[in-house]
A.B. asks: 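Provided herewith is a single structure, encoded as structure tokens, for subsequent inquiry.
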Amino acid sequence: MDINLYNTLARKKERFKPRVPGEVTMYVCGPTVYNLAHIGNARPVVVFDVLFRLLQTQYQTVRYARNITDIDDKIITAARERNEPIEAVTGEFTQKFREDVGALGTLQPTLEPHATHNLGPMIAMVEVLLAKGHAYEADGHVLFSVTSMPNYGELSGRNLDDMLAGARVEVADYKRHSGDFVLWKPAGEEEPGWDSPWGRGRPGWHLECSAMIHEHLGLEIDIHGGGRDLIFPHHENEIAQSCCAYGGSYVRYWMHNAYIDIDGEKMSKSLGNFKTIRELLGLYRGEVLRFALLSAHYRSSLNFSKELLDQSENAINGLYNALRKVEAVQAVAPESVEQESWYAALCDDLNTPLAISALHQLVSELNKADDSDKASLKGRIMACADLMGILQSAPSDWLRGDDGGGLSAEAIDALVAARVEAKAARNYGRADEIRAELTEAGVVLEDSPSGTTWRRG
RNA sequence: GGCUCGGUGGCAGAGUGGUGAUGCAGCGGAUUGCAAAUCCGUCAACGCCGGUUCGAUUCCGACCCGAGCCUCCA
């Protein structure tokens, strides 16, 4: 089945065809490691994780790189504030980022290039741009000249005249055109810096992605992803640098996710209205957060509220509840996923909400199924869940959860056993008393012909 | 000012030129010692105004409203 992806550059869905048959290269803009990642930062990580899994169902080799930006003004500021070396800050938050997104059930990318490990390729790129006349030196800086590129602005649909008209920021006087952007800037005494032909300095923001893609993935990659807010200027400038330096089209499919909103407003570090992944993991399990992130299409904004999370938790619990009933059934994986509606949904520009709805329908079928059909239904459900990276726990473990300081599983088991005895003795008063006690402790009982099970509500 | 996206039932959220997903919540029923879970049934939407069409929520145009980018930002 063809995979269709919405390409920001073409402004429409296009059939995905990798440059090299059977082989895919993908790059997603990763974190700047100066503080904890928030749930908005997690959206592209989870979305492109699903794409990574989907691509692997069709292509032998998928090389997926997600960078770590460990040079940046904000890092310098954070290190200064904490009175720690840069490396301590970047080391700590790189590690925490990995833990946080790991808890969201994401696979490791194939490559995780660090900016600080790639200064050579960056400097080389600037040299090429200078040699080709696309860059100039001014006041200790090296700047990219946007007017040297005839089709500058293609990705974001802007032209240079509009930009001049709309300029809201004071333009540094060493720039020839207000849209010119920094490739290399001088470093102060106290700041981290690297020796270069233009003196000790550090790279501009956009340079690392271009240089690392060229270095690690090649001249042209298939997919480049990131948040919508990166379209301009970040991705636009990456295109400018890379195409002018090395030719080629740089990226074949540009993909951008919409953001997470809080009360209808974009969640962002500058607005301060964000929730960190870590904070949310203290309230909900990773799979719940992941499910919430996948409950809307990646190109639509998603309002991240308590209601959303509670609904997601509810839905996940319901799915696990159904799976627990067939825990003893050995799943039989489908021979092919081509006929599955959830697979078609994911192939259609990662329509995760539609895939989730198909998942619910399968679970509904499972609830009604004869025993003879359960193995294959369970297999189809799990194939879908695996591709989305959800329902990865053993159902009974998930539903029993952890005690969180309340009743232990053993204590609950004992109470349940006592209630079963009371019921057998037709002492319903006592049985209801026990259940009330458990309800109070957040435990829900389910009686069935085969016995009583419990879960934490 | 320039450039983008959006506005679907109580909530979340797909999709479509004609039989109006899915989940949660609600309502009625089955089941249950009572529940829970499950099953069956049911209510309910396409911002506003025009146009095209036999027929538009879906296409076109205007309008209203919201969000984003143009500055660090997923």
Side-chain angles (χ1 to χ4, degrees), chain A residues 8 11 28-32 34 37-48 72-74 77 153 156-159 161-171 178-179 205 225-234 236 256-261 264-271 274 291-292 295-303 305 307-319 321-322 324-325 341 345 348 351-361 363-364 366-368 423 426-429 431-432 435-436 438-439 443-449 452-455 457:
Chain A
T8 307
R11 288 174 177 72
V28 174
C29 287
T32 302
Y34 69 100
H38 63 64
I39 192 69
N41 301 312
R43 168 114 101 151
V45 178
V46 168
V47 164
F48 289 103
D72 180 88
D73 289 359
K74 288 186 173 152
T77 307
S156 55
R158 294 156 206 258
N159 64 59
D161 296 340
D162 291 345
M163 288 176 51
L164 279 178
R168 295 193 317 204
V169 176
E170 229 176 290
V171 178
S178 68
W205 174 33
R228 236 214 233 328
D229 44 0
L230 295 181
I231 295 174
F232 190 89
H234 186 52
E236 193 70 75
H256 295 96
N257 61 277
Y259 349 79
I260 301 280
D261 290 352
E265 210 177 26
K266 174 186 172 183
M267 178 187 293
S268 75
K269 287 185 178 170
S270 33
L271 287 173
F274 61 88
F291 190 92
S295 69
H297 185 86
Y298 76 93
R299 283 190 286 112
S300 299
S301 56
L302 176 63
N303 204 28
S305 59
E307 289 69 35
L308 173 73
L309 291 168
D310 289 343
Q311 277 192 18
S312 300
E313 185 166 60
N314 217 321
I316 289 265
N317 286 344
L319 297 172
N321 209 223
R324 176 159 68 172
K325 295 187 174 118
S341 61
D348 182 17
N351 194 336
T352 51
L354 193 56
I356 287 171
S357 108
L359 186 64
H360 280 297
Q361 283 174 43
V363 168
S364 170
L366 177 70
N367 284 330
K368 288 180 262 185
K423 273 179 55 175
R426 297 192 170 271
N427 184 353
Y428 293 121
D432 289 351
R435 186 170 56 207
L438 287 168
T439 303
V443 176
V444 181
L445 297 183
E446 289 181 25
D447 292 335
S448 82
T452 297
T453 54
W454 61 269
R455 63 190 153 85

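Just so we're on the same page: letters track the sequence lines, and every chain starts at 1. Reckoned from all heavy atoms, side chains included, excluding hydrogens, waters and symmetry mates. Computed from a prediction, not measured in an experiment: that's the story for all the values here.
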A.B. asks: Expressed in angstrom and rounded to an integer, what is the separation of A:I356 atom CD1 from B:G15 atom C1'?
C.D. replies: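 Taking atom C1' of B:G15 as the reference, CD1 of A:I356 is at 16 Å.
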A.B. asks: Under 4.0 Å, counting only non-hydrogen atoms across every strand here, what does A:R426 touch: a base, just sugar-phosphate, or nothing?
C.D. replies: nothing
A.B. asks: Under 4.0 Å between a side-chain N/O of A:S364 and OP1 or OP2 of B:C39, yes or no?
C.D. replies: yes
A.B. asks: With a cut-off of less than 4.0 Å, is there a side-chain N or O of A:N351 near OP1 or OP2 of B:A14?
C.D. replies: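 No.
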A.B. asks: Can you tell me the base-pairing partner of B:A67? Count Watson-Crick or G-U wobble geometry only, both distances below 3.5 Å, and say none if there is no partner.
C.D. replies: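 B:A67 is paired, partner B:U4.
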A.B. asks: If you find the nucleotide of RNA chain B closest to A:T32 and the one closest to A:Y298, which residue's nucleotide is nearer the 5' end?
C.D. replies: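 On the 5' side of the pair lies A:Y298.
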A.B. asks: Tell me whether the side-chain N/O atoms of A:K266 come closer than 4.0 Å to OP1 or OP2 in B:A74.
C.D. replies: no
A.B. asks: Going by ring pair (Phe, Tyr, Trp, His ring centres under 6.0 Å), name the residues that satisfy it together with A:H234, two or more places apart in sequence or in a different chain.
C.D. replies: A:W205, A:H206
A.B. asks: Assign A:L445 to base, sugar-phosphate, or nothing according to its heavy-atom contacts below 4.0 angstrom with the strands shown.
C.D. replies: base
A.B. asks: Check whether the side chain of A:Q311 and the base of B:C11 form a donor-acceptor pair under 3.5 Å.
C.D. replies: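 Looking at the base of B:C11, it does pair with a donor or acceptor on the side chain of A:Q311 (distance under 3.5 Å).
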A.B. asks: With respect to the side chain of A:F232, which nucleotide from B:C69, B:C72, B:A74 is positioned closest?
C.D. replies: B:C69
A.B. asks: Can you tell me if the side-chain N/O atoms of A:K423 get under 4.0 Å from OP1 or OP2 in B:C34?
C.D. replies: no
